[in-house]
Participant: 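A single structure is presented below for examination.
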Number of protein chains: 2
Amino acid sequence: MPSDTCHCILLRKASRKLSSYYDEALAPLGVNIGQFSLLRNIHRLQPISLTELAAQVELDRSTVGRNTKVLERMGLVAISHGEDQREALISLSEEGKLLLKRGAPLWDGVQDEIEARLGAEKTRQLQELLVAL
Amino acid sequence: MPSDTCHCILLRKASRKLSSYYDEALAPLGVNIGQFSLLRNIHRLQPISLTELAAQVELDRSTVGRNTKVLERMGLVAISHGEDQREALISLSEEGKLLLKRGAPLWDGVQDEIEARLGAEKTRQLQELLVAL
DNA sequence: CGATGGTGCGGGTATATACCCGCACCCATG
DNA sequence: CATGGGTGCGGGTATATACCCGCACCATCG
């Protein structure tokens, strides 16, 4: 066992590499995998507050806030307010919905490619391992 | 197979979680796992130029430049220049060496803990999978 | 009805990470 | 020796990510 291979560093490298792989596939849409995933979550949960969304995607609230603002500037999400004036209600715009539709086959493609490269068994192992960490 | 679990997002979550885990262990030293790993690489390769170091750790040169500058401000690395005035030669300071010595058991501890949690077989699988990606 | 605590948000700061551009310097070729 | 390509570096910009702080608002308790 080459104990000098840091699990964490290896994982970070893999994360960067895989991210850029997904980013490349989604490039025609003008969003990266982080933004695409966030859009999908907003779609699933809308309308939703920043705090709740952050909890769902397991990211810091301020991170989600900034990322959401970028999506708003792009016209992909709309931020309105409910009865409680404090609460920001995030939902998809029409463009956002369209982007998700156009993105679905691209995302499926990468996903399938990964699974093909690893094989079904190793894909299952990967999911299991990542959850176990 | 829940095909809606994005491999990439799962990997990124795992990466963040594991990073914060290592960061916690290294907190007494005042460095994070990225900095610690960079220090270990500098130790292994010193004296080394920015460009060469970036290639070795598979990060962007500008990223390594900024990170190195932080380490320099901390007094952990020294940056000198060789005959070619352009080239920055990065090496560890005495404090840097000391930090690596003090950090080794902490790093080993986390590493062992991960392996214990996963078991030998799954640890091997993980390394294999991450390299395969 | 006023004080208090909980919750939601934005801003500030720091680091990580990437890309592009421009400057400096070295070396080879004419 | 002049010019030009290659290489090394820093700066600028953008996003991702986290933490802390302060402000606003709501609900509840006294």
Side-chain angles (χ1 to χ4, degrees), chain A residues 8-9 11-24 26-27 30-39 41 47-74 76 79-90, chain B residues 8-9 11-24 26-27 30-39 41 47-74 76 79-90:
Chain A
C8 183
I9 295 298
L11 194 57
R12 285 164 69 137
K13 277 186 195 171
S15 175
R16 285 196 300 271
K17 201 185 294 183
L18 202 55
S19 289
S20 76
Y21 200 60
Y22 278 76
D23 287 350
E24 219 171 297
L26 297 175
V31 297
N32 62 35
I33 180 59
Q35 296 171 324
F36 187 73
S37 173
L38 190 55
L39 285 171
N41 276 287
I48 186 172
S49 77
L50 251 190
T51 300
E52 183 57 26
L53 183 55
Q56 288 286 329
V57 301
E58 296 177 63
L59 284 174
D60 191 87
R61 190 169 43 74
S62 69
T63 299
V64 175
R66 290 174 213 287
N67 295 358
T68 302
K69 200 168 290 178
V70 172
L71 294 177
E72 191 194 19
R73 277 206 303 272
M74 291 178 172
L76 299 172
I79 303 180
S80 61
H81 293 270
E83 289 191 11
D84 186 335
Q85 286 301 320
R86 298 171 303 174
E87 196 176 7
L89 292 179
I90 305 165
Chain B
C8 183
I9 295 298
L11 195 57
R12 285 164 68 137
K13 277 185 196 169
S15 175
R16 285 196 301 272
K17 202 186 294 182
L18 201 55
S19 289
S20 76
Y21 200 60
Y22 279 76
D23 287 350
E24 220 172 295
L26 297 175
V31 297
N32 62 35
I33 180 60
Q35 297 171 323
F36 188 73
S37 173
L38 190 55
L39 285 172
N41 276 286
I48 188 172
S49 78
L50 250 190
T51 300
E52 182 57 26
L53 183 56
Q56 288 285 328
V57 301
E58 296 175 64
L59 284 174
D60 191 86
R61 189 167 45 73
S62 70
T63 300
V64 175
R66 291 175 213 285
N67 295 358
T68 302
K69 200 167 290 176
V70 173
L71 294 177
E72 192 194 17
R73 278 207 301 273
M74 291 178 172
L76 298 172
I79 303 180
S80 61
H81 293 269
E83 289 190 10
D84 186 337
Q85 286 301 321
R86 297 170 304 174
E87 194 177 10
L89 292 178
I90 305 165

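Just the heavy atoms: all of them, side chains too, but no hydrogens, waters or symmetry mates, feed the values below. We name chains A, B, ... by the order of the sequence lines, and we start the count at 1 in each one.
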Participant: From the list C/dC9, D/dC9, D/dC19, which nucleotide is the closest neighbour of the side chain of A/Ser62?
Facilitator: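 Looking only at side-chain atoms, A/Ser62 lies closest to D/dC19.
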Participant: B/Glu87 CD to D/dG8 C1': how many Å, rounded?
Facilitator: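 Those two atoms, CD and C1', are 8 Å apart.
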Participant: So which one's nearest nucleotide on DNA chain D is more toward 5', A/Leu59 or B/Ile48?
Facilitator: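 On the 5' side of the pair lies B/Ile48.
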Participant: How long is the line joining CG of A/Leu53 and C1' of C/dT7, in whole Å?
Facilitator: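 Rounding to the nearest Å, CG of A/Leu53 and C1' of C/dT7 are 17 Å apart.
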Participant: Could you say whether A/Ala88 or B/Asn67 is positioned toward the 5' end of DNA chain C, judged by the nucleotide with the nearest heavy atom to each?
Facilitator: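 On the 5' side of the pair lies A/Ala88.
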Participant: Taking atom P of D/dT15 as reference, at what distance in whole Å does atom OH of A/Tyr22 sit?
Facilitator: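 Atom OH in A/Tyr22 sits about 23 Å away from atom P in D/dT15.
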Participant: How many whole angstroms separate atom NZ of A/Lys69 from atom P of C/dG12?
Facilitator: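 Roughly 10 Å, once rounded to whole Å.
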Participant: Given D/dG11, D/dT17, D/dT7, identify the nucleotide with an atom nearest to the side chain of B/Arg86.
Facilitator: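 Looking only at heavy atoms from C-beta outward on B/Arg86, the closest nucleotide is D/dT7.
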Participant: Can you measure A/Asp23 atom CG to C/dT17 atom C1' for me and round it to whole angstrom units?
Facilitator: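 Taking CG of A/Asp23 and C1' of C/dT17, I get 12 Å after rounding.
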Participant: Search all heavy atoms of B/Asp60 against all heavy atoms of B/Ser62 and return the closest pair with its distance.
Facilitator: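 Of all heavy-atom pairs spanning B/Asp60 and B/Ser62, the closest is OD2-OG, 2.7 Å.
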Participant: Do you know which two heavy atoms are closest between A/Lys13 and B/Glu58, and how far apart they sit?
Facilitator: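 Distance-wise, the nearest heavy atoms are NZ-OE2, 3.4 Å.
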Participant: C/dA16 phosphate, OP1 or OP2: any side-chain N/O from B/Gln35 under 4.0 angstrom?
Facilitator: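 Yes.
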Participant: Rounded to whole angstroms, how far apart are CZ on B/Arg61 and P on D/dT7?
Facilitator: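 Rounding to the nearest Å, CZ of B/Arg61 and P of D/dT7 are 12 Å apart.
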Participant: Is there a donor on the side chain of A/Arg12 or the base of D/dT17 sitting less than 3.5 Å from an acceptor on the other?
Facilitator: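 By the distance-only test, no, there is no pair.
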Participant: Nearest whole angstrom, please: distance from the P of C/dG10 to the NE2 of A/His81.
Facilitator: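 A/His81 atom NE2 is separated from C/dG10 atom P by 7 Å.
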Participant: State which residue, out of B/Leu50, B/Asn41, B/Thr51, fulfils the side chain to side chain contact (heavy atoms under 4.5 Å, CB included) condition with B/Val64.
Facilitator: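 Testing each of B/Leu50, B/Asn41, B/Thr51 against B/Val64, the sole residue satisfying side chain to side chain contact (heavy atoms under 4.5 Å, CB included) is B/Leu50.
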Participant: Considering just the side-chain nitrogens and oxygens of B/Arg66, establish if one lies under 4.0 Å of OP1 or OP2 belonging to C/dT15.
Facilitator: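 No, no such contact exists.
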Participant: For the side chain of A/Thr51, counting heavy atoms from C-beta on, which of C/dC9, D/dG8, C/dC26 is nearest?
Facilitator: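 Among C/dC9, D/dG8, C/dC26, the one nearest the side chain of A/Thr51 is C/dC9.
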Participant: Test A/Leu53 against every option in A/Ile48, A/Leu59, A/Asn67 by the side chain to side chain contact (heavy atoms under 4.5 Å, CB included) rule and name the one that passes.
Facilitator: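 When A/Ile48, A/Leu59, A/Asn67 are each tested with A/Leu53, the side chain to side chain contact (heavy atoms under 4.5 Å, CB included) holds only for A/Ile48.
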Participant: When you measure from the side-chain N and O atoms of A/Asn32 to the phosphate of D/dA16, is any distance below 4.0 Å, counting only OP1 and OP2?
Facilitator: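 Yes, because at least one side-chain N or O of A/Asn32 sits under 4.0 Å from OP1 or OP2 of D/dA16.
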Participant: Which is it for A/Gln35 and A/Leu76 under the side chain to side chain contact (heavy atoms under 4.5 Å, CB included) test, yes or no, and what are the steps along the way?
Facilitator: CA-CA 10 Å; A/Gln35 296 171 324; A/Leu76 299 172; over 6 Å; no
Participant: Atom CG of B/Asp60 and atom P of D/dA14: how far apart are they, to the nearest Å?
Facilitator: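 It works out to 17 Å between those atoms.
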Participant: Indicate, with a heavy-atom threshold strictly under 4.0 Å, whether B/Thr63 touches base, sugar-phosphate, or nothing.
Facilitator: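 Contact class for B/Thr63: base.
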Participant: Between C/dC25, C/dC9, D/dA16, spot the one nearest the side chain of B/Asp84, thanks.
Facilitator: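 For B/Asp84, the side-chain atoms sit closest to C/dC25.
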